[in-house]
Visitor: 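What follows is a single structure, and I will ask about it in a moment.
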2 protein chains.
Amino acid sequence: MDATRRTARRSTRQQRLVFEAVSTTRSHPTAEWVYEAVRRELPRVSLGTIYRNLQRLVEEGRLRSFERAGLTRYDADLELHDHFSCVRCGLLMDIPRAPEVLPAERRLRARGFAVEGRTLEFHGLCRKCRRGASSNG
Amino acid sequence: MDATRRTARRSTRQQRLVFEAVSTTRSHPTAEWVYEAVRRELPRVSLGTIYRNLQRLVEEGRLRSFERAGLTRYDADLELHDHFSCVRCGLLMDIPRAPEVLPAERRLRARGFAVEGRTLEFHGLCRKCRRGASSNG
DNA sequence: ATCAATAATAGGAATCCTTACTGATATGGA
DNA sequence: TCCATATCAGTAAGGATTCCTATTATTGAT
């Protein structure tokens with residue numbers, strides 16, 4: 001349509017929509033969720049394309065992925081952060097990461113391991129569920 | 001066969017062998033691994049039985065489970081510990097957990113969350129892979 | 001704009017892990 | 001022994017993800 005763009009390097013509409021879907025939510029979406037989102041713009045998109053592009057975006061470092069309850073979830077927030085998950089309602093919340101070095105990491109380094117990163121997730125009851133917890137058991 | 005045991009509470013040979021398989025290794029085994037191990041003693045055991053008993057043992061609190069690379073892994077070490085995983089060779093190592101309270105946990109509590117536990121995993125290069133890393137890229 | 005080369009796509013089949021189902025078997029108590 | 005109940009082996013079914021192939025889109029050069 002627009003022949004003036006000479007430098008466009010192999011970025012398809014599908015790829016752009018996949019990235020946009022993940023990066024405009026904070027819900028740590030699954031592939032299925034992304035599929036539904038992209039489908040609203042591009043009804044003929046296939047699930048395989050969603051998976052392939054999610055994979056590629058992770059490899060390129062533009063997304064991160066992690067597993068949870070048997071599903072792979074994706075996250076466009078590359079700022080380092082930890083998680084809190086509520087065991088009752090399933091809320092999965094980001095926690096900004098302070099620049100502290102954990103004692104366990106110091107110990108690993110002292111033993112000769114090259115620590116490159118970490119994943120840290122707390123679980124328990126969120127504020128809302130905590131209020132209902134004492135009365136409902 | 002042996003009517004003298006009156007108090008045996010519904011513990012089958014299969015269940016015992018499943019627990020034994022997990023509790024005598026440090027390898028965080030998968031269901032498949034446990035299946036192979038139990039099969040050496042009980043060749044006719046079925047994979048469904050392995051899954052069912054692993055699930056039950058987790059519910060009873062005798063085992064823990066977690067996901068990794070699309071597989072569920074089991075662990076009989078109920079002592080709290082964190083993990084280190086080597087991104088090169090796949091080593092998954094336990095790290096004993098010191099009784100420190102992490103700053104992030106303190107912050108969560110201060111905000112009204114009831115923190116019940118955590119999972120913490122570091123990743124990087126183990127000692128062995130680190131030595132090979134500089135020369136092999 | 002047209003052409004050839006290359007890469008990505010849609011659609012669906014295949015795969016892998018896990019769970020669910022079913023008839024058979026073992027266990028514990030009366 | 002006889003009954004009630006739970007677990008089992010075997011297998012079918014399920015769900016998430018990957019793989020395959022013909023088709024379509026994109027790129028660079030003419």
Side-chain angles (χ1 to χ4, degrees), chain A residues 1-22 27-60 62-75, chain B residues 1-22 27-60 62-75:
Chain A
M1 292 139 181
D2 182 359
T4 61
R5 279 176 167 266
R6 291 284 161 84
T7 57
R9 349 194 205 70
R10 221 168 301 127
S11 130
T12 63
R13 188 156 154 65
Q14 287 87 342
Q15 194 172 146
R16 270 175 268 125
L17 285 168
V18 165
F19 181 74
E20 188 184 318
V22 179
S27 68
H28 309 91
T30 62
E32 187 66 29
W33 188 99
V34 176
Y35 179 46
E36 295 304 332
V38 172
R39 230 156 42 139
R40 286 196 283 274
E41 287 274 323
L42 211 65
R44 300 185 61 82
V45 75
S46 79
L47 194 49
T49 296
I50 304 296
Y51 275 103
R52 182 164 9 86
N53 281 306
L54 284 171
Q55 217 166 267
R56 178 175 319 168
L57 287 161
V58 168
E59 281 163 14
E60 290 172 356
R62 301 182 64 200
L63 296 180
R64 284 189 300 167
S65 70
F66 60 98
E67 290 161 42
R68 200 179 165 65
L71 297 188
T72 305
R73 289 174 172 274
Y74 298 86
D75 188 349
Chain B
M1 290 133 182
D2 182 358
T4 61
R5 281 179 164 261
R6 291 284 161 85
T7 57
R9 344 199 210 69
R10 221 167 303 126
S11 132
T12 63
R13 187 156 155 66
Q14 287 86 345
Q15 193 172 146
R16 270 175 267 124
L17 286 168
V18 165
F19 180 74
E20 188 185 316
V22 178
S27 69
H28 310 90
T30 62
E32 187 66 30
W33 189 98
V34 175
Y35 179 46
E36 296 303 333
V38 172
R39 232 161 34 145
R40 285 196 283 274
E41 286 274 323
L42 210 66
R44 299 184 64 82
V45 75
S46 79
L47 192 52
T49 296
I50 304 296
Y51 275 105
R52 182 164 10 85
N53 282 304
L54 285 170
Q55 218 166 264
R56 178 175 318 170
L57 288 162
V58 169
E59 281 163 15
E60 290 172 355
R62 301 182 63 199
L63 296 180
R64 284 188 301 167
S65 69
F66 60 98
E67 289 160 43
R68 199 177 168 66
L71 297 188
T72 305
R73 290 174 172 274
Y74 298 86
D75 188 348

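Here is how names work: the chains are called A, B, and so on, in the same order as the sequence lines, proteins then strands, and each is numbered from 1.
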Visitor: Can you build the contact string for nucleotides 10-19 of chain D? Use B for base contact, S for sugar-phosphate-only contact, and - for no protein heavy atom under 4.0 Å.
Guide: B-----SBB-
Visitor: Between C/dC17 atom P and B/Glu36 atom CD, what is the distance in whole Å?
Guide: 12 Å
Visitor: Mind calculating the distance between CD (A/Gln15) and C1' (D/dA25) to the nearest angstrom?
Guide: 14 Å
Visitor: Would you confirm whether B/Arg16, through its side chain, and B/Ser11, through its main-chain N or O, come within 3.5 Å as a donor-acceptor pair?
Guide: yes
Visitor: Let me check the geometry of the helix from C/dA1-D/dT30 to C/dA30-D/dT1. What is the bend angle between the axes at its two ends, five pairs each, to 10°?
Guide: 30°
Visitor: Using atom CZ of A/Arg16 as one end and atom P of C/dA8 as the other, report the distance to the nearest whole Å.
Guide: 13 Å
Visitor: In whole angstrom, what separates A/Leu42's CG from D/dA25's P?
Guide: 11 Å
Visitor: Side chain of A/Arg73, backbone of A/His28: donor and acceptor closer than 3.5 Å?
Guide: yes
Visitor: Could you give the CZ-to-P distance, from A/Arg13 to D/dA25, as a whole number of Å?
Guide: 12 Å
Visitor: Quick check: do B/Val38 and B/Gln14 have side-chain heavy atoms less than 4.5 Å from each other?
Guide: no
Visitor: Quickly work out the A/Leu17 CG to D/dA25 P distance and round it to whole Å.
Guide: 15 Å
Visitor: Is the closest side-chain heavy-atom distance between A/Thr30 and A/Val34 below 4.5 Å?
Guide: no
Visitor: Send over the distance from B/Tyr35 OH to C/dT18 C1', rounded to a whole Å.
Guide: 14 Å
Visitor: So, does B/Thr12 get its side chain near the phosphate of D/dA6, meaning an N or O under 4.0 Å from OP1 or OP2?
Guide: no
Visitor: Using modelled atom types only, decide if a donor and an acceptor are shared between the side chain of A/Glu67 and the backbone of B/Gly70 within a distance under 3.5 Å.
Guide: yes
Visitor: To the nearest 0.5 Å, what is the distance between OH on B/Tyr74 and CG on B/Leu57?
Guide: 10.0 Å
Visitor: Distance check, rounded to the nearest 0.5 Å: B/Gln55 atom CD versus B/Ile50 atom CD1?
Guide: 12.5 Å
Visitor: Output the distance between atom CG (B/Leu63) and atom CG (B/Asp75), rounded to the nearest 0.5 Å.
Guide: 8.0 Å
Visitor: Salt bridge (Lys or Arg N to Asp or Glu O under 4.0 Å) with A/Glu36: which residues, sequence neighbours excluded?
Guide: A/Arg39
Visitor: Whole angstrom is fine here: how far is it from CD in B/Gln14 over to P in C/dT25?
Guide: 14 Å
